[in-house]
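Everything on this sheet refers to the single structure shown next.
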Amino acid sequence: MPETGNSAAIAAAFADGPAYVPYLAVGDPSYEASLEYVRALDRGGADVIELGLPFSEPIAEGPTIQGALVRSLDGGMTPDRFFAFAEELDVEAPLVCMTYYNLIYQYGSSEARSASEASGETASAGPRPFVERAAAAGIEGLVVPDLPAEEADPLREACDEFGLDLIFIVAPTTVGDRLDRIMGRVSGYVYVQARLGTTGARDDVSDQTTESLDRLAEYDVPKAVGFGISAGEHAERIVAGGADGVIVGSALVDIVAEGVENDLPTAEVADRLEALSRELKAGAERGHAARVGAAESR
Amino acid sequence: MSETESTTIETGELSRRPGRQRGREDGKFGRYGGQYVPEALMPAIEELTDAYERYVLENEDGFMDEFRERLADFGGRPIPLQRADRLSERYDREIYLKREDLLHGGAHKLNNALGQVLLAKYMGKERIIAETGAGQHGTATAMAAAHLDMPCEIYMGERDINRQRPNVFRMKLNGADVNPVTAGRGTLKEAISETMRDWATTVENTHYVIGSIVGPHPFPVMVRDFHAVISEEARAQTIEKTGELPTDVVACAGGGSNTMGAFTEFVDDDEVALHAVEAGGSTLEVDEEAGVAPNSASLYTGEEGVLHGARTKLLQDSDGQIMESHSISSGLDYAGVGPELAYLVDEGRVSPVAVDDDAALEGFHRLSSTEGIIPALETAHAFGFLEERHEELGERVVVNVSGRGDKDLDAAIEETDKRDIDEAPDMSMFTGGI
């Protein structure tokens with residue numbers, strides 16, 4: 001796989017074999033428990049870990065992840081606590097922050113505003129302070145579901161400055177010029193949305209996934225498929241179908257939510273997260289082996 | 001597009017004045033606006049932009065002709081501009097009321113709902129969805145959808161459903177399905193998020209009728225263009241009645257649809273002062289800890305940010321989380337505002353002002369008892385402003401009566417009971433009985 005991004009760690013995660021990319025909302029349901037949960041993902045074989053920083057209006061999320069973000073906010077999660085969390089984590093997998101643009105845009109703005117009040121101008125620090133702080137906390141990449149490529153140049157510049165990847169989502173409906181525009185700005189990997197709609201675990205693997213992967217084949221960037229993957233065999237089929245990685249969120253968040261509902265001990269929830277992670281990672285590897293085998297026998 | 005200035009509006013044509021071009025090209029109003037939406041929605045947004053340009057701007061297939069005809073026959077336009085005799089005397093200046101409360105449905109909302117449902121039909125869509133807070137936009141959309149024979153689903157926060165049962169019934173009477181939204185706090189902003197989620201899965205056959213000049217491009221310009229008929233009429237009517245332009249135009253502002261509707265055709269008339277009256281709620285102070293702003297004054301006190309698809313002025317905490325807003329009028333109760341209004345305020349063209357719950361309720365009683373018009377609590381803020389600031393205004397003031405107050409009677413009884421208001425009827429003998 002060629003060097004396509006700013007982060008060497010993310011490039012390495014996709015370099016040999018398929019990448020298993022799990023997602024959890026940081027602080028769901030508490031800071032401490034969520035530290036244990038993310039460590040469990042790492043033990044379960046995560047190659048990259050996506051950490052959700054909660055925003056109050058998450059328009060791209062389905063009910064499962066929305067629930068996680070509400071629990072996290074209710075637990076007092078803030079951008080600064082999120083960065084402290086990333087610093088405290090001692091995991092091997094590179095970390096990617098998934099959040100909404102307003103939090104990135106506002107970070108450091110109140111300082112900028114009070115600094116510029118004397119000059120009487122409306123000041124905004126823009127995305128740079130957030131990216132600088134994220135880099136210092138060891139974050140290697142960003143996913144921002146409500147930031148289209150057209151509005152992304154200031155963020156991309158900041159990411160380039162501080163060595164972060166900016167990962168874009170490509171939907172089944174993304175074609176033609178839009179696809180070119182996005183693929184011209186993406187770094188690290190592209191998040192291939194498996195089907196229309198918001199996040200959430202589903203049983204089927206959509207035909208839209210195969211079509212999307214075919215459409216993206218000509219672009220030289222790792223392709224990680226997300227939305228709806230909940231079992232090892234989904235991961236297997238998706239990787240066999242040409243994906244370089246699988247992104248899993250809702251199925252893992254469901255385990256956390258069940259833990260909250262049934263008041264399960266943190267260690268038990270962590271064990272279940274680790275077990276599902278192993279299953280998904282093994283599925284992805286089986287899919288990869290099948291694809292390599294098919295290529296060799298050709 | 002021609003730059004020639006024209007003040008007469010031919011059937012089927014949109015005004016060509018320069019102010020009307022703002023935002024049409026790229027959805028930007030200075031630093032505000034844009035299209036901050038999930039990638040899955042972008043094709044729908046692009047398709048809608050194309051449809052807006054063809055049908056609305058170019059009147060393809062006679063879309064604008066049909067829109068104006070239906071606004072006349074179904075909606076009752078043109079809507080009168082009425083001199084308010086008692087208020088004119090009270091404030092010692094000419095006060096004119098643009099009576100949008102007389103539009104079918106009892107508020108300005110139908111202009112936009114009818115325009116968008118008709119546009120969806122021209123686009124070949126088969127299903128309409130919309131969000132609603134207090135239920136005003138939901139009822140207007142349900143009415144328009146029934147009128148144009150389109151299936152319609154309305155998303156409404158569970159808490160709002162409980163507060164606005166008559167409006168839920170009205171929507172159902174018109175054949176719409178009402179989907180309760182239980183996420184978060186169960187109010188307008190959750191309903192908007194939920195409607196966007198629906199749209200993300202159903203874009204191919206569904207149109208999302210957004211309720212104000214908010215959201216991603218082309219919604220802010222398109223909704224403005226549908227509501228601009230308010231100021232197109234008001235401008236011509238004022239000239240006809242007085243031979244001159246008004247000195248001031250006053251409108252309440254939540255998301256800003258009636259506001260921009262009332263201002264748009266006057267924006268290029270530099271001598272006309274434009275006043276956007278926001279809900280000052282109980283106080284302009286903010287409880288950062290609880291994430292609550294007990295007002296909805298995003299133009300007056302908000303900071304720049306990104307919400308529901310657009311960069312605009314927002315009520316948010318220092319981290320960028322959106323605050324819970326508040327107003328005595330649920331229709332103004334929104335943490336954001338249209339990007340064009342945010343721009344016009346920064347440019348100094350529109351003056352934002354906040355009127356609190358008390359003054360709005362007094363305005364509600366004053367207009368009811370002196371002019372025989374019971375205004376919506378939203379609209380009442382404009383009359384609170386008139387009472388407080390009339391001495392700063394010129395001699396001909398147009399106030400947009402954005403809606404009638406029948407929907408607010410329960411809230412008005414409850415809120416009046418808590419206060420001592422001169423013009424208010426004594427309802428003590430009924431307390432507990434209603």
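In what follows, every heavy atom counts, from backbone to side chain, and hydrogens, waters and symmetry copies are set aside. We name chains A, B, ... by the order of the sequence lines, and we start the count at 1 in each one.
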Is B:Glu340 salt-bridged to B:Arg349, cutoff N-O under 4.0 Å? no
Compute the ring centroids of A:Tyr100 and A:Phe55, then answer whether they are less than 6.0 Å apart. yes
Pick one of side chain, backbone, both or neither for B:Ile192, based on which atoms fall under 4.5 Å of a heavy atom in chain A. neither
Can A:Arg133 and A:Glu87 be counted as an ion pair, charged N to O under 4.0 angstrom? yes
Checking heavy atoms, do the side chain of B:Leu41, its backbone, both or neither come under 4.5 Å from chain A? neither
Measure distances from A:Val170 to the heavy atoms of chain B and classify the residue's part below 4.5 Å as side chain, backbone, both or neither. backbone
With respect to B:Glu153, which candidate in B:Thr141, B:Asn179, B:Thr195 satisfies the side chain to side chain donor-acceptor pair (under 3.5 Å) definition? B:Asn179
Taking the six-membered ring where the residue is Trp, are the ring centres of A:Phe83 and A:Phe130 under 6.0 Å apart? yes
Using a 4.5 angstrom heavy-atom cutoff, name the option from B:Ser193, B:Gly34, B:Pro38 with the most pairs to chain A. B:Pro38
Please rank A:Leu147, A:Ile104, A:Leu69, A:Ile169 by heavy-atom pairs under 4.5 Å with chain B and give me the top one. A:Ile169
Contact part of A:Ile182 toward chain B, heavy-atom cut-off under 4.5 Å: side chain, backbone, both or neither? side chain
